[in-house]
Amino acid sequence: MKLKYYGTGAAEGIPAMFCSCDICEKSRAAAGRNIRTRSQAMVDDRLLIDFGPDTYLHVLHGGLPMKTAETLLITHNHADHVYPTNIEMRRVAFAHGKDMQPLHIYGTAGACGAFSPGVEKFRLSEDNRVYLHEIQPFHPFSAEGYTITPLRADHDPKADPIFYAIAKDGKQMLYAHDTGYFPEETWAYLEQEKPYFSLISLDCTGMTDESYYHNHMGLKTCGQVKERLEQIGAGDQNTRWIVNHFSHNGKATYDELVPLAQEKGFLVSYDGLEVEF
């Protein structure tokens with residue numbers, strides 16, 4: 001399996017549009033991996049995770065292969081993860097190609113509800129362009145040969161948040177964004193099912209800020225989650241442990257975070273990072 005990160009920032013990105021804090025100024029000056037667009041990732045060039053406002057930017061400058069995306073997994077309906085207006089670009093008048101396959105969007109009721117007005121208004125399902133599939137936490141489903149399990153996230157409950165375990169051909173990964181320390185019902189599910197993950201990607205919005213525990217995590221909480229996952233056998237020294245989804249409020253640039261994360265056994269994601277496992 002392969003995971004590629006196209007965007008690795010939180011809602012405001014780094015540097016934030018209107019911000020001149022120390023982290024944003026240092027990131028602007030250093031550029032490179034210190035620049036972060038809003039979070040989006042793709043598995044095996046097939047499964048797209050989230051559909052935020054930087055999707056078109058990722059197509060133009062990151063090489064995001066939307067042509068091969070037939071499955072879209074939505075974590076929650078916050079604006080940095082769902083930008084539903086762009087789904088209208090799959091209208092017959094705007095997207096051509098005889099071999100175009102429909103896009104299947106999976107999400108909880110809140111996420112599907114964000115896309116519904118555009119899908120209905122422009123008859124995207126009737127034209128075989130977009131289909132919405134409402135899913136529930138802890139109820140696995142299949143798509144393109146993958147077994148996908150939505151897990152309950154600790155995040156704004158109004159956003160109907162989940163994160164995903166994704167399995168295929170004996171490999172399994174965990175993509176856990178946006179979430180704080182996992183809810184106990186999610187821990188109970190993991191302890192019962194006993195999955196082993198070859199790759200685990202954890203929310204690290206707060207970076208060096210140790211107060212990040214609910215809604216988002218910082219590096220300290222990521223370490224606590226890593227320890228518990230190892231205790232239940234969900235990961236070990238052979239797992240690729242990665243932190244992702246960063247805010248300038250976490251008080252570290254990419255260059256500053258790397259050695260701190262390495263001490264806890266984590267790789268720091270950046271826009272364009274591709275990991276095979």
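Everything quoted here is computed from the prediction, not taken from an experiment.
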Tell me which one of Asp80, Thr55, Asp50 satisfies side-chain hydrogen bond (donor to acceptor under 3.5 Å, both in side chains) with Gln40.
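That would be Thr55; it is the only one of Asp80, Thr55, Asp50 passing the side-chain hydrogen bond (donor to acceptor under 3.5 Å, both in side chains) with Gln40.
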Do [X] and [Y] have side-chain heavy atoms sitting under 4.5 Å apart?
X	Y	value
Ile135	Ile162	yes
Lys264	Lys226	no
Tyr196	Thr239	yes
Ser116	Leu132	yes
Thr71	Ile105	no

Just wondering, are more than 12 heavy atoms of other shown residues or ligands nearer than 6.0 Å to CZ in Phe138?
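Result for CZ/Phe138: enclosed.
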Do the ring planes of His76 and His78 sit parallel (below 30°), tilted (30 to 60°) or perpendicular (above 60°)?
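Perpendicular.
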Quick one: sort the His245 and His81 rings into parallel, tilted or perpendicular, breaks at 30° and 60°.
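Rings of His245 and His81: parallel, under 30°.
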How close do [X] and [Y] get, heavy atom to heavy atom, and via which atoms?
X	Y	result
Ile148	Ala143	CD1-CB, 4.1 Å
Ala252	Ile23	N-CD1, 3.5 Å
His248	Ala16	CE1-CB, 3.7 Å
Ala41	Leu3	CB-CD1, 3.9 Å
Ala31	Ile35	CA-CG1, 3.7 Å
Ser125	Val119	OG-CG1, 3.5 Å

[X] and [Y]: side chain donor to acceptor below 3.5 Å:
X	Y	value
Asn128	Tyr131	yes
Asp255	Thr253	no
Ser247	Glu12	yes
Tyr212	Asn249	no
Asp271	Thr37	yes
Asn34	Ser27	no
Thr8	Arg36	yes
Gln172	Ser198	no
Asp54	Tyr6	no

Indicate, with yes or no, if Phe122 and Phe94 share a hydrophobic cluster defined by side-chain heavy-atom contacts under 4.5 Å among Ile, Leu, Val, Met, Phe, Trp and Tyr.
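Phe94 and Phe122: separate clusters.
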Single-linkage hydrophobic cluster, 4.5 Å side-chain cutoff, Tyr270 and Val243 together:
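Yes, because Tyr270 and Val243 connect within a single hydrophobic cluster, where side-chain heavy atoms sit under 4.5 Å apart.
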Pair Arg129-Arg91, side-chain contact (heavy atoms from CB on, under 4.5 Å): steps then yes or no:
CA-CA 7 Å; Arg129 294 302 177 99; Arg91 293 157 60 183; over 6 Å; no
Test Thr179 against His216 for side-chain contact (heavy atoms from CB on, under 4.5 Å), laying out the working first.
CA-CA 5 Å; Thr179 186; His216 289 290; over 6 Å; no
Presence of salt bridge, [Y] and [X], under 4.0 angstrom:
X	Y	value
Asp99	Lys67	yes
Asp45	Lys4	no
Arg228	Glu191	yes
Glu144	Arg46	yes

Kindly say whether the aromatic ring centers of [X] and [Y] come within a distance under 6.0 Å.
X	Y	value
His177	His155	no
Trp241	Phe197	no
Tyr106	Phe141	yes

Are Glu185 and Arg152 close enough, and set up right, to give a salt bridge (charged side-chain N to carboxylate O under 4.0 Å, His left out), and what steps lead you there?
CA-CA 7 Å; Glu185 59 184 319; Arg152 180 74 69 189; 3.7 Å; yes
Start with the C-alpha distance between Glu256 and Lys251, add both sets of side-chain angles, then the distance that settles salt bridge (charged side-chain N to carboxylate O under 4.0 Å, His left out), and finish with yes or no.
CA-CA 9 Å; Glu256 293 167 343; Lys251 302 179 177 63; over 6 Å; no
Between Leu174 and Tyr164, does the side-chain contact (heavy atoms from CB on, under 4.5 Å) criterion hold? Intermediate values first, please.
CA-CA 6 Å; Leu174 184 69; Tyr164 291 98; over 6 Å; no
For Phe163, which of Tyr175, Tyr189, Phe182 qualifies under ring-ring contact (aromatic ring centres under 6.0 Å, His included)?
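The option that passes is Phe182.
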